[in-house]
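Here is the structure we will look at.
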Amino acid sequence: MSATYRDALRAALLYLVLAVLWVSLSGFALNSFFDDSAEALHWQTINGYIWLLLSAGIIFIARTRLFRCLGIGAQLAERSADRERLRQAAAVFDCTREGVLVTNEKGLIVHVNRAFMQITGYQREEVMGQQPSLFKSGRHPASFYQAMFKTLNSVGEWSGEIWNRRKSGEIYPQWQTIRIVRDDDGRVSQYVAVFSDISAIKNSENVLTHLAHHDPLTDLPNRLLFTDRAEQALASAQTHKRGCALLMLDLDHFKMINDSLGHNVGDRLLKAVAARLQALFGPGITLARLGGDEFAVLSESCPQPGQAAALAQRIIDALKEPFGIDGHELFINASIGISLFPSDALSAEQLLRNADAALFKAKSSGRNGYALYTEELTAHAQQRVEIAFELRRALEQQELRVYYQPVHDLKTSRLIGVEALVRWQHPQRGLVSPAEFIPIAERTGLIAEIDAWVMQQACLQMCRWQQAGVVLSFVAVNVSSRLFARRELYQQVAQVLRDTGLDPAYLELEVTESAVMDDPEVALEQMHRLRELGIRLAIDDFGTGYSSLLRLKRLPVQKLKIDQGFVAGLPGDEDDAAIVRVIIALAQSMGMQVHAEGIEQVEQASFLLEHDCDLGQGYWFARPMPAAQLDWARAPHIG
Ligand code: C2E
Ligand code: MG
Ligand code: MG
């Protein structure tokens with residue numbers, strides 16, 4: 001017999017006993033009722049109360065026992081706990097920030113919460129009895145929903161990102177979890193979908209992706225995105241047998257603008273350049289900023305080198321108009337290197353490298369122009385690597401030589417100083433010009449050793465001349481811009497002076513104008529320290545480096561050397577003549593000596609003499625030569 005039956009039997013028995021007791025007591029009470037003596041009346045009242053109490057007690061106990069036996073009490077307790085749970089669920093359901101949607105087994109909406117209405121913009125009445133397909137964005141293919149229901153039916157739950165449409169028509173991303181609710185028999189009774197609006201997260205994700213792929217100043221694609229697009233364009237060009245062109249563009253002398261007008265103006269100029277170029281291109285052309293003043297252009301359809309060259313020329317022409325920034329009218333030129341797919345390179349990386357090599361060529365052949373990449377450039381690059389390797393050997397094997405070129409006083413024609421110029425006595429190639437190996441030495445760092453060696457040789461030679469009774473005012477030595485920016489230069493010069501014993505007053509250091517103006521503050525400090533050693537300072541190739549007159553005035557320099565490019569045009573070229581006159585006047589006004597180099601004709605020397613230039617150097621006087629060949633008596637007569 002089961003425990004429930006036993007309990008029921010026990011309850012029934014108890015109920016029976018109690019009922020018998022109740023009946024007998026009721027009988028006793030009724031008997032007393034018909035007896036109307038005073039004592040009987042007293043008992044009648046007491047019995048009435050007892051009967052009443054007992055009846056209530058019996059009913060209560062019996063009911064409790066019976067209910068417990070039938071399990072109704074537990075059900076009631078359970079029901080009240082359920083009610084409590086439902087109240088809690090309803091509160092959560094309504095307060096939660098996630099939208100909740102419940103459908104019946106047929107997929108018709110039977111319930112939505114407050115967040116649902118806030119997110120979707122629909123009111124409860126508008127969606128009741130409708131299908132959730134009402135919210136479809138149209139962004140997912142049918143296969144997406146098929147896969148979703150497949151997972152839902154097999155696992156009972158699906159979670160994922162889904163794009164839906166608000167009542168306003170706007171589509172937005174949701175993170176949604178859908179779950180199947182089954183009844184006791186395992187049949188689907190409801191579908192519950194809980195979702196959150198992730199458009200804010202998506203937006204910030206998009207912002208982050210944008211930042212990672214764009215240059216913050218100009219909002220143009222950065223190197224990463226550009227390379228990626230170039231790879232894609234090349235893949236597509238390969239399939240469609242199309243040609244592409246990659247142009248690398250560098251603004252000429254942009255640093256000068258930054259230095260003289262400040263980074264704010266520089267930044268605004270870069271933005272203006274980006275905007276002007278962007279307006280120039282239609283679809284199929286991507287413009288990117290690779291960094292600093294370097295931009296890149298990818299033309300996805302450019303079959304001929306001529307078309308790429310025309311594009312480069314359009315860019316150069318577009319930049320000719322001045323830019324008005326902060327009340328300044330700024331002129332800026334660009335140099336462009338072009339590399340073509342598939343003739344020059346097959347990968348984006350190689351195209352970029354080749355365009356860079358072509359850009360280097362464009363810059364070194366005078367700027368404000370473009371150059372196409374050629375095989376020759378690779379050959380040159382290889383040659384540079386070889387020269388760098390050989391230069392090391394040249395230093396060890398003492399293949400370098402110092403030549404001296406006389407400098408004359410233009411008024412007296414007297415030889416008053418020399419400039420030391422390095423040469424490389426190559427075992428196979430003969431005498432190699434510094435123009436060929438100095439730039440390579442600068443890039444490989446060998447320049448420090450070369451300049452130190454030349455300075456040592458020049459000072460030793462000057463001491464020898466002095467001992468031999470030759471009267472010279474100075475020996476000039478060139479210092480590379482790479483070395484000039486370094487603090488060690490001061491120690492190096494001091495060391496050479498100590499080692500050779502030369503009086504510092506006879507040593508002149510030539511620094512190019514661009515080296516000084518690249519970082520004028522460092523240059524100023526360096527020059528003051530060098531001056532403390534007692535040596536003389538000259539600015540070489542003056543007129544080519546965009547000097548700021550204000551800065552020039554502050555420099556402790558004793559001499560300006562007019563660049564030979566201006567001397568070459570004398571006396572016929574009016575522009576050159578005007579520039580030379582201005583430089584002479586400038587040097588004089590600042591109390592500096594002025595020295596013209598590259599004098600090849602007597603007319604040039606006469607013009608310079610007429611305009612009060614102090615010193616002259618050039619093939620017309622003498623070429624650079626070994627120390628032993630110098631002719632001290634030579635004083636060519638001007639005019
Ligand atoms: P620079 O210092 O401006 O030297 C003047 C250059 O002009 C020399 O070329 C010289 O030979 C050349 N020159 C002199 N007179 C005439 C002339 O009448 N007509 C023409 N067309 N050219 C003339 P070089 O010796 O080939 O030197 C070229 C450059 O290489 C130098 O220009 C200088 O910047 C650099 N350099 C030479 N030696 C050294 C050195 O020891 N160290 C460093 N860092 N640079 C050096
Ligand atoms: Mg020089
Ligand atoms: Mg020079």
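As the structure lists them, so they are numbered: ligands from 1, and atoms in each ligand from 1.
Distance screen at 4.0 Å: atom 16 (C) of ligand 1 has a protein heavy-atom neighbour inside the cut-off. Within a 4.0 Å radius of atom 4 (O) of ligand 1, the protein has at least one heavy atom. The nearest protein heavy atom to atom 37 (C) of ligand 1 is closer than 4.0 Å. Per-atom contact check: atom 32 (O) of ligand 1 does not touch the protein, criterion being a heavy-atom distance below 4.0 Å.
Looking only at heavy atoms of the protein, atom 13 (N) of ligand 1 is closest to Y619 CE2, 3.8 Å. What sits closest to atom 1 (P) of ligand 1 on the protein, heavy atoms only, is D540 OD2, 3.7 Å. Protein heavy atom in closest approach to atom 28 (C) of ligand 1: P434 CG, 4.0 Å. Of the protein's heavy atoms, N478 CB, 3.8 Å lies nearest to atom 46 (C) of ligand 1. For atom 11 (O) of ligand 1, the closest heavy atom belonging to the protein is P624 CG, 3.3 Å.
Here E600 does not pair with R623 in a salt bridge; the nearest charged N to carboxylate O distance is not below 4.0 Å. Under the 4.0 Å criterion applied to side-chain N and carboxylate O atoms, R314 and D317 are not assigned as salt-bridge partners. Ion pairing between a basic and an acidic side chain is recognised when a charged N comes within 4.0 Å of a carboxylate O; E508 and K559 show such pairing. Between E513 and K561, none of the side-chain N atoms (NZ, or NE/NH1/NH2) sits under 4.0 Å from a carboxylate O, so this pair counts as no salt bridge. For the pair E525 and R529, the salt-bridge criterion is met [side-chain N within less than 4.0 Å of a carboxylate O].
If you take CD on E610 and CD1 on I638, they are separated by 11.0 Å, rounding to the nearest 0.5 Å.
Under a 3.5 Å cut-off, the side chain of D344 and the backbone N or O of L340 do form a donor-acceptor pair. R536 places no side-chain N or O within donor-acceptor distance of the main-chain N or O of A505, the cut-off being under 3.5 Å. Not one N or O on the side chain of Q526 forms a donor-acceptor pair closer than 3.5 Å with the backbone of L489. No side-chain donor-acceptor contact under 3.5 Å links H611 to the backbone of R581. No donor-acceptor pair under 3.5 Å is formed between the side chain of E396 and the backbone N or O of R393.
Checking N478 against the Mg ion (ligand 2), an N/O/S atom falls under the 2.8 Å cut-off. For a distance bound of 2.8 Å, the N, O or S atoms of E419 include one lying that close to the Mg ion (ligand 2). Counting backbone and side-chain atoms alike, E597 contributes no N/O/S atom closer than 2.8 Å to the Mg ion (ligand 2).
Within ligand 1, the atoms closer than 4.0 Å to a non-hydrogen atom of S480 are 44 (N), numbered from 1 in the order shown. Close approach of ligand 1 to V454 (heavy-atom distance below 4.0 Å) involves ligand atoms 41 (O). Against a heavy-atom cut-off of under 4.0 Å, E600 is close to the following atoms of ligand 1: 17 (C), 18 (O), 19 (N), 20 (C), 21 (N). Close approach of ligand 1 to E597 (heavy-atom distance below 4.0 Å) involves ligand atoms 3 (O), 5 (C). The D541 neighbourhood of ligand 1 comprises atoms 3 (O), with distances under 4.0 Å to a heavy atom of that residue.
When ring centroids are compared, Y404 and W465 come within the 6.0 Å threshold.
Counted by atom type alone, D503 and Q466 present zero donor-acceptor pairs between their side chains at under 3.5 Å.
Ligand 1 lies within reach of Q564, whose nearest heavy atom is under 4.0 Å from it. The closest approach between a heavy atom of E419 and any atom of ligand 1 is below 4.0 Å. Look at E442 and you'll find every heavy atom at least 4.0 Å from all atoms of ligand 1.
Partner D250 forms a salt bridge (Lys or Arg N to Asp or Glu O under 4.0 Å) with one of R289, K255, K363 and no other, that one being K363.
The Mg ion (ligand 3) is closest to atom OD1 of D541 (considering only N, O or S atoms). Nearest N, O or S atom of D540 to the Mg ion (ligand 3): atom OD1.
Ranked by closest heavy atom to atom 8 (C) of ligand 1, the top entry among V422, L421, L483 is L421. Considering only non-hydrogen atoms, atom 42 (N) of ligand 1 lies nearest to D451 out of I438, D451, I450.
The part of R423 lying near ligand 1 is the side chain, judged by heavy-atom distances below 4.0 Å.
Other residues, nucleotides and ligands contribute only 12 or fewer heavy atoms inside 6.0 Å of the CD atom of E349.
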